[in-house]
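This one's a predicted model, so the numbers in the text were calculated from it and none came from an experiment.
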Amino acid sequence: MIDTQQKVKIADLQIDQLGRVQKHNKLTQAEISTLPNNTRLYEGVGRMFILQSKEEINNLLLDKQKTADNKIKELEVKNKSYDCNYSSMNPG
């Protein structure tokens, strides 16, 4: 019973974190869209930065967005199953 409650809390925290990642990606995309096409953009990789085109950076952000969306959906499904298990263990 306590284990199920902890799993629900962990899933909620992960959903919140992924929501922040989505907001960050959207803000970054909005800022990048205002830049001219010939602007040099760099992607942070570990301790270094790699020169990327505006299109490549945009594609990376879209991929991150899709991944976050999919993970959120998975976590919401798990959360519902945890809630169902908890409800069946504690009727009333």
Partner of Val21 by side chain to side chain contact (heavy atoms under 4.5 Å, CB included), out of Lys23, His24, Gln17: Gln17
Residue pairs, two or more places apart or on separate chains, that pass side chain to side chain donor-acceptor pair (under 3.5 Å) and touch residues 63-76: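 For residues 63-76, and leaving out neighbouring residues, the side chain to side chain donor-acceptor pair (under 3.5 Å) pairs sorted by first residue read Gln22-Asp69.
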Taking every non-hydrogen atom, the tightest pair across Leu75 and Ile15: CB-CG1, 3.7 Å
Donor-acceptor contact present, side-chain Glu31 to main-chain Thr28, <3.5 Å: no
Considering all heavy atoms, the nearest Leu41-Lys54 contact: CD1-CA, 3.5 Å
Exceeds 12 heavy-atom contacts within 6.0 angstrom, atom CZ of Phe49: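 12 or below, so no.
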Residue pair Asn79 / Ala11: nearest heavy atoms and the distance that separates them: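 That closest heavy-atom pairing would be OD1-CB, 3.7 Å.
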Separation between CG of Asn58 and CD of Glu55, rounded to the nearest 0.5 Å: 8.0 Å
Point-to-point distance, once rounded to the nearest 0.5 Å, from OG of Ser81 to NZ of Lys7: 9.0 Å
Side chain to side chain, Ile50 and Gln52, heavy atoms closer than 4.5 Å: yes
Spatial distance of atom OG (Ser53) from atom CG (Asn59) [nearest 0.5 Å]: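 Taking OG in Ser53 and CG in Asn59, the distance rounds to 7.5 Å.
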Path from Val77 to Ile72 over hydrophobic side-chain contacts below 4.5 Å: no
